[in-house]
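Notes follow once the structure below has been shown.
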Protein chains: 2
Amino acid sequence: MTILFDLIIKHFLSNYKIQTGSSCLKDFPSNLDEEGVPQNEVKRIASLIVQYSVRTFSPHFHNQLYAGTDIYGLAGAWLTEALNTSQYTYEVAPVFTLLEREIIKRSLELVGYPALPEADGLLAPGGSMSNMYGIVLARYKRFPEIKTKGMSVVPPLAIFTSEDGHYSMTKGAHWLGIGTDNVYKIRVNELGQMDVDDLKEKIHQARNKGCEPFFVNATAGSTVLAAFDPIDKIADVCEEHDIWLHVDVSLRAISRRLLSDQNFTEIHYFLLFFMARVAWEVRYCCRISIATPDALKFWLMWKARGTAGLRKSVDIAMDCANYFYEQIKDRPDFRLVLPEYEGSNICFWYIPPSMQGQEENEEWKNKLNRIAPTIKEKLIKVGSLMIGYTPLPSKNMPNFFRMVVSCQPPPSHSSMDFVINNIVEHGCKL
Amino acid sequence: MTILFDLIIKHFLSNYKIQTGSSCLKDFPSNLDEEGVPQNEVKRIASLIVQYSVRTFSPHFHNQLYAGTDIYGLAGAWLTEALNTSQYTYEVAPVFTLLEREIIKRSLELVGYPALPEADGLLAPGGSMSNMYGIVLARYKRFPEIKTKGMSVVPPLAIFTSEDGHYSMTKGAHWLGIGTDNVYKIRVNELGQMDVDDLKEKIHQARNKGCEPFFVNATAGSTVLAAFDPIDKIADVCEEHDIWLHVDVSLRAISRRLLSDQNFTEIHYFLLFFMARVAWEVRYCCRISIATPDALKFWLMWKARGTAGLRKSVDIAMDCANYFYEQIKDRPDFRLVLPEYEGSNICFWYIPPSMQGQEENEEWKNKLNRIAPTIKEKLIKVGSLMIGYTPLPSKNMPNFFRMVVSCQPPPSHSSMDFVINNIVEHGCKL
């Protein structure tokens with residue numbers, strides 16, 4: 001174990017490239033055999049695993065969906081693994097249970113909910129599960145008989161989510177027996193936010209088809225554009241129609257002051273780290289937990305950094321995202337996908353000099369569609385930077401870069417410049 | 001981090017009591033505050049967490065549901081946490097993806113399934129999820145239209161499971177919109193195995209009520225008694241009625257030669273460690289994954305120990321379970337719950353001398369019901385041994401001990417004697 005520890009430390013301090021390229025993997029001894037391997041072969045393999053893995057903790061890793069490792073979070077995770085306990089009973093996990101309650105208690109305060117036990121919470125291991133918890137709770141509140149009788153005793157149910165909402169809504173509708181056809185995708189405006197008039201219209205349509213609208217999913221930080229749905233207005237519609245409002249707080253949706261000043265930011269930040277969303281509506285809990293994530297890594301980070309420390313990290317990330325935005329917004333070789341940004345996700349195209357000042361017809365768009373993938377491929381080969389791209393077919397938008405500014409490792413203006421310079425360096429001759 | 005590492009090593013080598021008692025926890029600084037805490041306070045807290053946690057890696061920890069830490073598994077887990085990647089794309093997790101495929105490939109071989117891609121598998125983070133995967137797959141195969149249209153377009157569906165089956169069947173029926181009333185609990189015989197005649201009868205009953213039987217859950221190692229349902233006979237019934245057969249391979253169900261000689265044992269063993277069951281039926285996969293557990297800890301243990309090493313661990317555990325059984329079966333102060341055992345779970349009552357040779361009426365049973373809890377409480381206070389107990393209300397059985405013999409740390413005849421001696425020591429005066 002000492003050797004493993006040295007390896008990991010070396011890994012953290014190393015200047016390895018972000019990715020070494022998967023072609024090396026053909027020599028990786030992945031085969032599992034009748035006989036085991038000796039200690040020094042385990043050592044060599046552990047070293048190879050480190051070498052061939054993507055360095056997600058690099059300051060230049062900006063690929064989608066997560067940030068780097070927090071050192072306290074890692075310490076908590078290691079302790080959790082070594083102690084090898086489970087949170088299903090207080091008996092075997094007294095400390096862990098205590099810490100989980102503290103996280104829920106403080107989180108309820110942060111979002112302005114009533115205290116335990118009037119309100120409650122659950123830690124979920126990921127977005128799909130967490131959105132499913134929300135649907136199960138809403139369904140139980142509206143039709144408690146479904147728990148015992150199943151869905152054949154109620155009319156078809158309808159779910160509403162924006163066309164840019166997370167795919168787990170559809171997956172959840174399949175799992176939970178609601179049906180993907182009964183997920184109504186609501187139009188978004190040019191900023192990627194749910195169109196409330198279209199929501200009203202679709203509720204009407206669903207009713208006309210004999211469906212029972214029971215669940216609206218509002219997104220606070222959509223998957224691609226990090227857009228915030230107009231939650232206040234959606235809440236009015238939900239109240240009028242007696243529909244459960246679920247807010248899907250996405251992983252990169254940091255720093256929006258949504259519920260009360262300064263408060264919601266921290267929640268977002270935590271989510272950013274742990275890929276865990278909290279089903280706030282669990283106050284109507286009906287014994288639905290299907291997995292028990294461990295609270296310690298989350299708790300230890302919060303304890304060590306304090307709410308103030310976490311808030312500061314978010315402020316730094318937001319300042320850097322804003323700096324990045326300011327640097328590219330007036331350049332001829334960069335073009336923003338949205339005119340403004342509320343989160344720390346900046347989406348943009350790089351337009352090489354050879355493509356500037358031309359008619360932007362289909363051929364031009366097809367060419368632009370290849371620019372981000374080509375630059376990304378070069379960057380990965382060099383290993384200097386990792387950044388995601390995606391098209392937005394619903395808006396007929398060719399591939400654009402999605403720059404994710406996260407809190408760990410702490411970004412800086414110079415790490416933002418590094419991204420811009422690297423893209424220009426590998427794209428300017430295209 | 002070095003300090004943390006020292007702590008954990010100390011923890012592994014320590015002779016701490018198994019549990020220190022939760023009363024100490026009142027001083028634990030669980031509060032999360034505006035300000036963080038300095039490094040040496042983090043150190044002190046980490047130390048307290050270790051001190052107050054149950055030592056699940058002790059050779060005398062026999063509480064329900066899991067075994068001790070495997071050192072290679074732990075190394076894999078630490079690496080996984082440090083590398084902080086996710087298996088959702090090959091791009092960010094090339095090595096992990098490769099290892100996951102190898103685990104699935106080899107596991108398919110072990111259970112005698114066709115090779116990839118004709119058959120396929122999924123790693124699941126726990127039993128509830130894994131049983132739900134099975135139900136979703138079975139439902140999709142029988143009524144693919146449920147995916148898009150929901151369950152309102154089909155008749156009520158019926159699930160069959162033994163009365164000793166895992167509670168996640170009921171939970172899954174709630175989640176998936178089937179309804180807990182549509183879970184038919186099949187009687188078990190005196191060995192805790194599903195009664196196939198009652199299964200046939202209940203299928204008939206469900207049809208008469210207008211339900212569509214689509215899913216039978218056979219249990220290979222039931223939660224309390226580690227009983228094995230008669231899978232061959234159940235399979236015949238399922239074939240006749242065109243019902244999907246799902247086998248729930250429970251965590252402690254090691255060493256039964258179920259499908260082909262020597263093969264099934266390993267699978268059980270892996271499950272024992274990782275609380276992950278594999279949805280074998282995923283060959284009919286319909287893009288249902290809702291969480292991505294990490295494969296590395298599983299893979300590294302298998303790689304280091306080899307299939308032969310794992311098989312040997314199972315043999316040692318089974319030998320010790322058998323030794324334990326032999327030691328207590330003829331003693332007047334021990335009484336077995338079942339006359340024979342197929343797994344490594346031995347259930348028994350301790351009958352103190354003061355209760356022997358008496359009429360076993362209700363009053364006697366009520367007294368016996370308090371024996372196991374009283375002994376357990378004493379053992380926890382002393383910190384020498386941790387062992388679970390449970391009643392079996394369906395059979396009107398008072399609380400009995402459930403001795404779980406697991407593979408890690410390797411058990412021995414002397415660690416078995418230790419359990420017997422400790423129970424006698426703390427129970428003989430009752």
Side-chain angles (χ1 to χ4, degrees), chain A residues 4-5 8 22 25 30 32-37 42 46 49 52-54 56-57 63 69 74-75 77-79 81-85 92 94-95 98-99 102 106 125-126 128-129 136 147-152 156 174-182 290-291 302-309, chain B residues 4-5 8 22 25 30 32-37 42 46 49 52-54 56 63 69 74-75 77-79 81-85 92 94-95 98-99 102 106 125-126 128-129 136 146-152 156 174-182 290-291 302-309:
Chain A
L4 175 70
F5 184 74
I8 293 172
S22 55
L25 272 176
S30 63
L32 294 166
D33 301 315
E34 180 65 16
E35 297 306 321
V37 298
V42 174
I49 290 169
Y52 291 161
S53 288
V54 175
T56 61
F57 55 86
N63 226 50
T69 310
L74 182 60
W78 281 17
L79 266 175
E81 292 288 350
L83 293 169
N84 188 37
T85 192
V92 291
V95 192
L98 191 73
L99 304 186
E102 176 69 12
R106 285 284 293 131
S128 292
M129 291 269 297
V136 171
K147 183 170 181 178
T148 50
K149 306 287 177 202
M151 288 192 55
S152 57
H174 167 201
W175 269 65
L176 305 174
I178 289 160
T180 56
D181 286 356
N182 298 320
I290 58 170
W302 195 343
K303 182 75 182 177
R305 300 199 183 276
T307 310
Chain B
L4 175 69
F5 184 72
I8 293 171
S22 55
L25 272 176
S30 62
L32 294 167
D33 301 314
E34 179 67 16
E35 296 307 319
V37 298
V42 173
I49 290 169
Y52 292 161
S53 288
V54 175
T56 63
N63 225 50
T69 311
L74 182 59
W78 281 17
L79 266 175
E81 292 288 349
L83 293 168
N84 187 36
T85 190
V92 292
V95 192
L98 192 72
L99 304 185
E102 176 69 12
R106 286 283 293 130
S128 293
M129 291 269 297
V136 170
I146 288 177
K147 183 171 181 176
T148 50
K149 307 287 177 200
M151 288 192 56
S152 57
H174 168 200
W175 268 67
L176 305 173
I178 289 160
T180 56
D181 286 355
N182 297 319
I290 58 169
W302 194 342
K303 181 76 183 177
R305 300 200 183 275
T307 310

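Values below: every heavy atom of this structure, side chains too, minus hydrogens, waters and symmetry copies. Chain letters run A, B, ... following the sequence lines, proteins first, then strands; residues in each count from 1. Keep in mind that this is a model prediction, so the values were computed, not measured.
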Tell me whether B/Thr148 contacts the main-chain N or O of A/Gly179 through its side chain, where contact means a donor paired with an acceptor under 3.5 Å. no
With a 4.5 angstrom heavy-atom cut-off, could you sort out which part of B/Ile49 is near chain A: side chain, backbone, both or neither? both
Who pairs with A/Asp181 by side chain to side chain donor-acceptor pair (under 3.5 Å), at least two apart in sequence or on another chain? B/Lys149
At what distance, to the nearest 0.5 angstrom, does CG of B/Leu176 lie from NE2 of A/His174? 9.0 Å
Has A/Thr56 got a side-chain atom pairing as donor or acceptor with B/Leu83's backbone, closer than 3.5 angstrom? yes
If we ignore hydrogens and angles and just use 3.5 Å, is the side chain of A/Ser152 paired with the main-chain N or O of B/Met151 as donor and acceptor? no
So which atom in B/Glu102 and which in A/Ser30 form the shortest heavy-atom distance, rounded to 0.1 Å? CG-O, 2.9 Å
Tell me, side chain or backbone of A/Leu32 under 4.5 Å from chain B's heavy atoms, or both, or neither? both
side-chain contact (heavy atoms from CB on, under 4.5 Å) for B/Val42 and A/Lys303? Distances and angles first, verdict last. CA-CA 8 Å; B/Val42 173; A/Lys303 182 75 182 177; over 6 Å; no
Hey, could you give me the CD/CG distance between B/Glu81 and A/Leu79, rounded to the nearest 0.5 Å? 11.5 Å
d(B/Ile146 CD1, A/Trp175 CH2) to nearest 0.5 Å is 14.0 Å
